[in-house]
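Contents: one structure, followed by commentary.
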Protein chains: 2
Amino acid sequence: MLTFIGLGLYDERSITVEGQDALREADHAFAEWYTSELIGTTVDDLEAYHGIEIEVRDRPGVEQDPEDILAAAETGDVAFLTAGDTMISTTHVDLRLRAHDRGIETRVIHGVTAQTATSSLTGLQNYRFGKATTLPFPYAHGADGLPSSVTETIDANRAANLHTVVYLDIKVDRATRPGQNDEQQYDSPYMTGDVGASLLAERYPELLGVVIARAGSPDPLVEAAPLATLAEGDFGDPLHILVIPGTLHLLEADALCALAGANREDLEVV
Amino acid sequence: MLTFIGLGLYDERSITVEGQDALREADHAFAEWYTSELIGTTVDDLEAYHGIEIEVRDRPGVEQDPEDILAAAETGDVAFLTAGDTMISTTHVDLRLRAHDRGIETRVIHGVTAQTATSSLTGLQNYRFGKATTLPFPYAHGADGLPSSVTETIDANRAANLHTVVYLDIKVDRATRPGQNDEQQYDSPYMTGDVGASLLAERYPELLGVVIARAGSPDPLVEAAPLATLAEGDFGDPLHILVIPGTLHLLEADALCALAGANREDLEVV
């Protein structure tokens, strides 16, 4: 049995009770932190809290060489752990399909995702979000200006009056990448809200943005302001996410004023 | 302190460990089941499992008359519980803002949502979902044919090559509504996947749909087929959700074939 368990967003207690029970009963546990990380804990703390040894794999150790994970799942109960929900993007669908092909039973125990927390903390209605996008570091993107994938998504959603979640790049494995000229100007592997806002402000300086910092932690921060203003902000520890709202319903505007410090005059209300 | 705690999708163990800890430490706990329900448990079982009395409120008891919830939160720790994530739609933002206005500290402990589980169980990539929509029972919709909110959302998403989550109507409180003529033909307050598919098949008989049943439970079911075929299906116990995919990436198509029983020839692959 191969059980994919989402650890949720922050620390060793962000997992569901069901996930915790399955993890504690597993014979082997593997984890990967290359798609995201839990900021509020360490592998040592996770191991101590749940009473199980966790083997952390890099990307090649999951995607190219999962043989021993699958072999362990053929004869015992294996837990495969990631931040958030393990299957929310297609990253680990391949591993699930490989297991399926070998007749190994698989199961998914869901975790809280950044998408959920983003809607929940901002007061922006989950029904009113369009397609999401990811803003890469310029050194990863490799070309001048904003990627068209980002601007086209924001523009199409705004034209349809929808909100856009802009995931900010994470380059946990960048130490292994060939150095590029402008990489040095970013001192964190996590793109922060102010960096994301400054990149977007080149094109949309007046547009309202919402930074969500440390979603899922005990001290999340939500701040709404024009992107050029957010670009000057400091939102503390990672992880950060940006939202570009469409026009707002009245209750959404009330929430951004009360919970995110927005100025009413900066908001476009339907 | 007023802590909004999402219970997740299925039973008393779908809550996060953090949520469980907060619930067990609360002085008072309130819950509402009118936006959704936990199919795998009862209030009695929740109370016994978490060792706390839970007062269940109907919609007027939350939205019109929350005075005693707020009063309790002024002097003690109050937990407010819902299925999924409490703040994912704006339903309870109003209660949070009322607390905020009275100087009561609020906190959100997130829960797993149907949106997360839908992407995760189908293998459809979360980035490729557009706006979501809800398919109402015809008696609730009150007009002939599909609501334009549903068809316009599906059509716009498909034109942009995006997947659509179609939430299926829940009328837990319909016993209190004035009876309408065709209400009697539905014997469950939860719209099932076959009923949802049959309503959509009037307009889109050949279109691929994916039914997700019992997301978040130990025995979820995922089935992909043309809507006219799904309309003849039986997907077992609730809750059910429908997805209308856009054209598929290869790995998404592989996942629907392996995990959802799709026929390769029914799939539109990019």
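So that the names make sense, note that chain A is the first sequence line, chain B the second, and so on, each numbered from 1. Since the structure is predicted, the reported quantities are computational estimates derived from the model, not experimental observations.
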Handout entry: Side chain / backbone / both / neither for B:Arg128 at chain A, heavy atoms under 4.5 Å
Key = neither

Handout entry: Part of A:Gln125 within contact of chain B (heavy atom distance under 4.5 Å)
Key = both

Completion exercise
Among A:Gly130, A:Gly6, A:Gly19, the residue with the most heavy-atom pairs under 4.5 Å to chain B is A:Gly130

Handout entry: Contact class of A:Leu162 relative to chain B, heavy atoms under 4.5 angstrom
Key = side chain

Practice task
With chain B as the partner chain, list the residues of residues 238-246 of chain A whose heavy atoms fall under 4.5 Å from it, by residue number, and write 'none' if nothing qualifies.
Solution key: none

Problem - Side chain B:His100, main chain A:Ala258, donor-acceptor under 3.5 Å - result: yes

Problem - From A:Asp254 atom CG to B:Asp94 atom CG, the distance as rounded to the nearest 0.5 Å - result: 9.0 Å

Problem - Listed once per pair and sorted, the salt bridge (Lys or Arg N to Asp or Glu O under 4.0 Å) pairs that draw on residues 212-222 of chain B, sequence neighbours left out - result: B:Arg214-B:Asp219

Problem - Residues in residues 106-118 of chain A near chain B [non-hydrogen atoms, under 4.5 Å] - result: A:Arg107, A:Val108, A:His110, A:Gly111, A:Val112, A:Thr113, A:Gln115, A:Thr116, A:Ala117

Exercise for the section: Residue by residue, scan residues 81-88 of chain A and write down, ordered by number, those that have a heavy-atom distance under 4.5 Å to chain B; if none do, write 'none'. Expected result: A:Asp85, A:Met87, A:Ile88

Exercise for the section: Give the member of A:His92, A:Glu12, A:Arg96 that has the highest number of heavy-atom pairs under 4.5 Å with chain B. Expected result: A:Arg96

Practice task
Please state whether the side chain, the backbone, both or neither of A:Pro218 comes within less than 4.5 Å of a heavy atom of chain B.
Solution key: both

Problem - Test log, rule side-chain contact (heavy atoms from CB on, under 4.5 Å), inputs A:Asn126 and B:Tyr167 - result: CA-CA 12 Å; A:Asn126 65 322; B:Tyr167 294 105; 4.1 Å; yes

Exercise for the section: Can you tell which part of B:Thr153 gets under 4.5 Å to a heavy atom of chain A, answering side chain, backbone, both or neither? Expected result: neither

Problem - Region of B:Phe129 that comes under 4.5 Å of a non-hydrogen atom in chain A - result: backbone

